[in-house]
Each structure stands twice: as structure tokens, then as C-alpha cells.
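The next block holds one structure in the form of C-alpha cells; read it before the comments.
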Amino acid sequence: MIRSATPGDVTAIADLEDEALGVDAWSEGLVREGVLGALPTIHYLVAEQDGGLAGYAVASVVADIAELQRIAVQPGMRRGGHASALLEQVVTLARDGGADRVLLEVRETNAPALAFYASRDFVEVDRRPRYYRDGATALVMRRALGPACGGG
């Protein structure tokens with residue numbers, strides 16, 4: 001089940017954020033601000049399984065551009081469709097918000113993530129050298145949602 005995050009999800013999201021993203025993780029305080037609505041363009045979604053947090057996604061929707069800022073799934077629950085369901089909910093959120101594309105950044109060395117996004121119609125549109133704290137390069141990927149951006 002995919003739903004909007006609630007204040008009761010903050011600690012679990014922050015814990016998974018820390019596990020999945022390490023030094024690039026956002027603080028629990030920043031997660032709390034986003035979940036509570038203090039960051040007006042930010043949307044937190046969670047995938048729930050058996051009453052617990054299976055994963056989460058964070059998206060920003062501003063005018064014609066949506067950005068997938070985070071997506072993570074509990075290690076023991078990966079390859080169970082949670083990331084796909086979260087991503088599709090982000091796409092729906094983007095369309096409903098008037099966006100004609102979804103952008104994201106991903107490490108150029110993260111082959112599983114690159115394959116995941118490519119199989120869901122994301123294409124590389126740019127590179128950001130030294131984007132991550134450890135100096136790694138990010139690939140900027142785009143999924144077109146509307147005709148103005150090459151989508152349908």
C-alpha cells in the first residue's frame with residue numbers, strides 16, 4: 001500500500017534514509033519538516049507492508065517540473081515491487097500537479113538503479129561531476145510526461 005507519510009513515519013523514514021544514503025542522508029529534523037508540510041513543494045510517500053515501513057519516496061513538484069529526490073526500500077524487502085509502486089505514485093503526483101517531466105539524480109556507478117530507471121522510461125540528460133559528498137558524479141535522468149517534453 002502506498003500512502004502519504006504521517007508524523008508517525010518520521011523516525012522509520014529517517015532510519016532508512018541513514019541506512020540507504022549514509023553520509024548523504026538527510027537529518028531526522030529535515031525529514032520531519034518535509035512530512036509535516038513545512039517544505040511546501042515536498043511530498044513524502046511511504047510503502048507499507050504488514051503494518052511497517054517497506055520504503056519511501058520524496059518528490060518535489062513545482063510548476064512543470066517534478067523531481068524525485070529520494071527513493072529507498074528496506075534491504076530485506078527489495079525486489080518486491082515497492083520501488084516501482086512508489087515511483088508510479090510519484091509520477092501520478094507529478095501529473096496531477098501539472099508537471100510534464102520527472103527529473104532525478106543517481107550515482108553513475110549505481111548500475112541497479114540506472115537499470116531500474118531506464119526500464120521505466122528515464123533517460124540520461126546531463127551529468128553533475130562531484131555531486132555527492134564523496135565526489136562521485138551524478139547522472140541527471142528525465143522521464144517525459146507530456147508532449148512539451150517528448151512524452152505522451
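It should be emphasised that the depicted structure is a prediction, and the values quoted were computed from it without experimental measurement.
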### Message
Main chain of F116, side chain of S119: is a donor-acceptor contact present, judged purely on distance under 3.5 Å?
### Response
yes

### Query
Do T92 and V90 have side chains that get closer than 4.5 Å, going by heavy atoms?
no

#### Entry: CD on Q49 to CE on M1, rounded to 0.5 Å
12.0 Å

### Summary
Closest non-hydrogen atoms of A20 and A72, given as atom of the first, atom of the second and distance, are CB-CB, 3.9 Å

### Query
Under a 4.0 Å N-O cut-off, is there an ion pair linking R142 with D121?
no

### Task
Please check if the side chain of E48 supplies one atom and the backbone of L53 the other of a donor-acceptor pair under 3.5 Å.
no

### Task
Establish whether L145 and Y117 are linked, either directly or via other cluster members, by ILVMFWY side-chain heavy-atom contacts under 4.5 Å.
yes

### Contact check, side chains of P40 and I42, non-hydrogen atoms, under 4.5 Å
no

### Message
Is there a continuous path of hydrophobic side-chain contacts, each under 4.5 Å between heavy atoms, that joins V106 to Y131?
### Response
no

### Query
Can you get from V91 to M141 by hopping between Ile, Leu, Val, Met, Phe, Trp and Tyr side chains that sit under 4.5 Å apart?
yes

### Query
Okay, side chain of D9, backbone of T6: is any donor-acceptor separation there less than 3.5 Å?
yes

### Message
In the structure I gave you, are the side-chain heavy atoms of F122 and V102 within less than 4.5 Å of one another anywhere?
### Response
yes

### Query
Would you call R32 and S27 a side-chain contact if the rule is heavy atoms closer than 4.5 Å?
no

### Message
Nearest 0.5 angstrom please: R3 CZ to Y44 OH, how far?
### Response
14.5 Å

### Query
Looking at I71, I2, L45, which hits side-chain contact (heavy atoms from CB on, under 4.5 Å) with L87?
I71

#### Entry: Expected output: side-chain R101 to main-chain I65 donor-acceptor under 3.5 Å
no

### Message
One pair to check against side chain to side chain contact (heavy atoms under 4.5 Å, CB included): V61 and L93. What are the steps and the verdict?
### Response
CA-CA 8 Å; V61 181; L93 190 85; 4.2 Å; yes

### Message
For a quick test of reading the model, state the closest non-hydrogen atom pair linking P7 to L36 and the distance between them.
### Response
CG-CD2, 3.5 Å

### Query
Below 4.0 angstrom, N of the basic side chain to O of the carboxylate: do E124 and R143 qualify?
no

### Task
Measure from NZ or CZ of R70 to the centre of the six-membered ring of Y56, then state whether that distance is under 6.0 Å and the direction lies within 45° of the axis.
no

### Message
Give me the atom names and distance for the closest heavy-atom approach of L68 to A57.
### Response
CD1-CB, 4.3 Å

### Task
Using the rule that two of Ile, Leu, Val, Met, Phe, Trp, Tyr join whenever any of their side-chain heavy atoms come within less than 4.5 Å, decide whether V123 and L104 are in one cluster.
no

### Query
Just wondering, do S4 and H43 contact through their side chains at under 4.5 Å, heavy atoms?
no

### Query
Atom CD1 in I13, atom CH2 in W26: separation rounded to 0.5 Å?
11.0 Å

### Task
State, yes or no, whether a side-chain contact exists between E67 and T41 at a heavy-atom distance under 4.5 Å.
no

### E19 versus P75, closest heavy-atom pair with distance
OE2-CG, 3.0 Å

### Message
Side-chain heavy atoms nearer than 4.5 Å, only ILVMFWY residues, links allowed to pass through others: does that put V58 and L39 together?
### Response
yes

### Query
With a 4.5 Å limit on heavy-atom distance, are the side chains of R107 and T137 in contact?
no

### Query
Closest heavy-atom contact between L16 and A54?
CD2-O, 4.4 Å

### Query
Hey, are the side chains of R127 and V140 touching, using non-hydrogen atoms and a 4.5 Å cut-off?
no

